[in-house]
Each structure stands twice: as C-alpha cells, then as structure tokens.
Amino acid sequence: MDLFETVIIAIVEGLTEFLPVSSTGHMIIAQSLLGVESTPFVKAFTVIIQFGAILSVICLYWKRFFYPNAGREGKSYWRAMFDFYARLVVGVLPAAVLGFAFNDEIEANLGNVQLVAWMLIVGGVFMLFCDRIFNRGSENTRLTYKRAFVIGLVQCISMIPGVSRSMATIVGGMSQRLTRKAAAEFSFFLAVPTMFGATCLETYKLISHGDGSILAQGNNLQMLIIGSVVAFIVAILAIKFFINYVTKYGFAAFGWYRIIVGLIIIICTLCGVEMKMTD
C-alpha cells in the first residue's frame, strides 16, 4: 500500500463505520477500484485503523463516558458510571457470545461479495420505511437494561456482511421507541467495546499466526499511524453530520444510498469486474 491508498481506505473507513451504509460494502468497492493487493498487512490495516474511529466516539462524547448523567434521577457519580457501562456490557454481550460461537461461519461469509450486495439492497429498502414502521408517537431517550439487551440482540444481525452494525443497532434502538438521536448515539457507544474486541481479536490472530512482524516492516507502521489519524478525523465529521441529519430528516436518504451501492457491486460483478475483500 502506498500513501494515496492508505489515505483513501482510511477515509472510507471513517466515513462509513458509524453510518448505516455498511463499511464492508464500501471497503470492497474501494479496494477493488484501487487494485489493492490482498495481503496480511492490508487485512491488519483495515482492522487496526478502527482504533481511530473508536477514539472519535470517545472524543466527541467524552462527558458521557467519564461523567455519564451524574446527578440525574438522584444518582451519584459512581452509580451513574456503573449504569452507563453496565448497559454497554449488556448490549455487547449477545454479539460477544454469538460471535465466539459462530466465528467460523461468520468468517466463511466475509468474502461473499454477492451476499454483501444483496444485504445492502435489502437493508436499504427497509430503511426507506423504518421511520414509518417505528413512528409510534411515544419516543424517549431513556435506555433501560432491557432495551440495551434487545438492541444488542438486533446488533447480531450485522454478523451477516452487508447489513451494517450501525444500521442494526439504530433499528434496534428505534424498535425500543428511542428517538432517532438516542438510538444513533447508543449505536456509537456500543461500537466502542464491539469494535475494540473485534480489533483485538484480529490483531491476536495476526500475531499468533506468526505474521505480527509485518506491522513493523518497511513503512507499514507509518501507514498505520496515518490511517488511524485520518479515520479519526473523518469519523468525527461523519458522526456530527449524521446526528444532525437523521434528527431532522430520518433515514430514507441512507436507504436509497445503500440500494445504489448494492446495485453498483452487482453490476460490476456481472460486467466481469473483480470485486473482493481482503483474505
């Protein structure tokens, strides 16, 4: 990977990780258009730069992570801290259990480009109508343990490549009658432990298979730092835009966008363009 490819892939990661548009689908398109060779380092790069995206959430919502609703409902600081992180644990638990149990099956589907494309389209069609489906006039911002668990269960659908973790968790939140903003923000919060765990797992696999030394070869470490910084900056901008947009206009535009991206992938494969993910 050269500097140009590094920056482009990092921009794609930062833009799509927290939007309900499937970062997997966009990575397929970006890597195919750039002609990036599938190597152990490329796979490690696309996973490790997620740290930049994770830090963007913590940076934007640092008060929620370190001073979560202290003083509300008569809660002490430490009780508020416990409740905030306990809800995150409850929310991430279903994905952790199912991800561990079905890890081989999940990885077997990661290279299925046709599946990614169709899931983009199906999810896009659903997003065209999700505002109507969940518009029941009793929305609120209160996140209970039950709601956190249900959202975590719905998040498991995103183990199917192309569904989008962000879309699944936001839809899960709206199904629990959270406001668009509250559902989107909890999706961001839930991404931190989920993505951190996935990143650590992939890094461990890389090292345990004896490929860990590639991170320090040539300018690989420099590319990782640049990619993480770019993903961090772009993710901050993407999150701010997304929250403002969906609060005012809803999810229909993202639905149409997903459908278009899915059709692009299908058309490219039908025309003989090689579309693939890193192995």
Side-chain angles (χ1 to χ4, degrees), residues 12-13 15-31 46-47 50 53 91-131 133-134 148-176 178 180 183-184 186-195 197-199 201-202 235 238 242 246 250-266 269 275-278:
V12 172
E13 163 63 24
L15 277 175
T16 61
E17 187 61 54
F18 298 108
L19 272 59
V21 296
S22 176
S23 58
T24 300
H26 286 75
M27 285 294 185
I28 289 173
I29 294 176
Q31 292 174 12
T46 58
V47 173
Q50 290 180 347
V92 80
L93 191 60
V97 173
L98 292 180
F100 179 80
F102 298 101
N103 181 66
D104 293 339
E105 290 81 358
I106 294 169
E107 290 196 348
N109 283 322
L110 286 178
N112 191 334
V113 176
Q114 289 291 323
L115 178 60
V116 170
W118 284 110
M119 287 300 100
L120 276 166
I121 294 171
V122 171
V125 172
F126 179 79
M127 294 203 77
L128 295 179
F129 302 99
C130 69
D131 285 312
I133 294 172
F134 300 121
F149 183 73
V150 172
I151 295 170
L153 284 176
V154 178
Q155 178 181 227
C156 295
I157 300 174
S158 65
M159 293 178 183
I160 303 173
V163 169
S164 169
R165 187 206 59 80
S166 178
M167 188 196 82
T169 51
I170 290 172
V171 168
M174 292 181 66
S175 73
Q176 296 302 295
L178 294 180
R180 294 170 184 163
F186 187 65
S187 172
F188 301 154
F189 302 154
L190 202 57
V192 174
T194 302
M195 292 166 57
T199 302
L201 179 61
E202 289 300 325
F242 182 61
V246 298
F251 299 99
F254 296 99
W256 285 115
Y257 181 79
R258 286 176 62 100
I259 293 170
I260 292 170
V261 173
L263 289 174
I264 288 174
I265 294 177
I266 291 174
T269 55
M275 307 287 288
K276 64 179 181 179
M277 297 179 62
T278 53

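Nothing fancy with the numbering, it's 1 onward along the sequence. The structure displayed is predicted, hence computed values, not measured ones.
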Is a side-chain donor or acceptor of [X] paired with a backbone partner of [Y] at a separation under 3.5 angstrom?
| X | Y | value |
| --- | --- | --- |
| T194 | A191 | no |
| T269 | I265 | yes |
| R258 | L120 | yes |

Please round to the nearest 0.5 Å and tell me the distance separating atom [atom1] of [X] and atom [atom2] of [Y].
| X | Y | atom1 | atom2 | value |
| --- | --- | --- | --- | --- |
| N112 | M119 | CG | CE | 9.5 Å |
| F186 | T169 | CZ | OG1 | 8.5 Å |
| L153 | S175 | CG | OG | 10.0 Å |
| Q50 | E17 | CD | CD | 5.0 Å |

Side chains of [X] and [Y]: closer than 4.5 Å at any heavy-atom pair?
| X | Y | answer |
| --- | --- | --- |
| V92 | V192 | no |
| Y257 | L19 | no |
| R165 | P20 | no |
| V21 | S164 | no |
| V171 | I133 | no |
| L128 | F251 | no |
| I264 | I260 | yes |
| S22 | M27 | no |

What are the two closest heavy atoms between [X] and [Y], and how far apart are they?
| X | Y | result |
| --- | --- | --- |
| R180 | V246 | CD-O, 3.0 Å |
| A95 | Q155 | CB-NE2, 3.8 Å |
| I170 | A184 | CG1-CA, 3.9 Å |
| V163 | A168 | CG1-CB, 4.5 Å |
| C156 | L98 | SG-CD1, 3.5 Å |
| M195 | A53 | CE-CB, 4.1 Å |

Check your understanding: In chain order, what residues pass the ring-ring contact (aromatic ring centres under 6.0 Å, His included) check against F188, with sequence neighbours excluded?
Key -> F18

Exercise for review: Would you please name every residue forming a ring-ring contact (aromatic ring centres under 6.0 Å, His included) with F254, sequence neighbours left out?
Suggested key: F242, Y245

Exercise for review: Answer yes or no: are there more than 12 heavy-atom neighbours, outside F126 itself, under 6.0 Å from its atom CZ?
Suggested key: yes

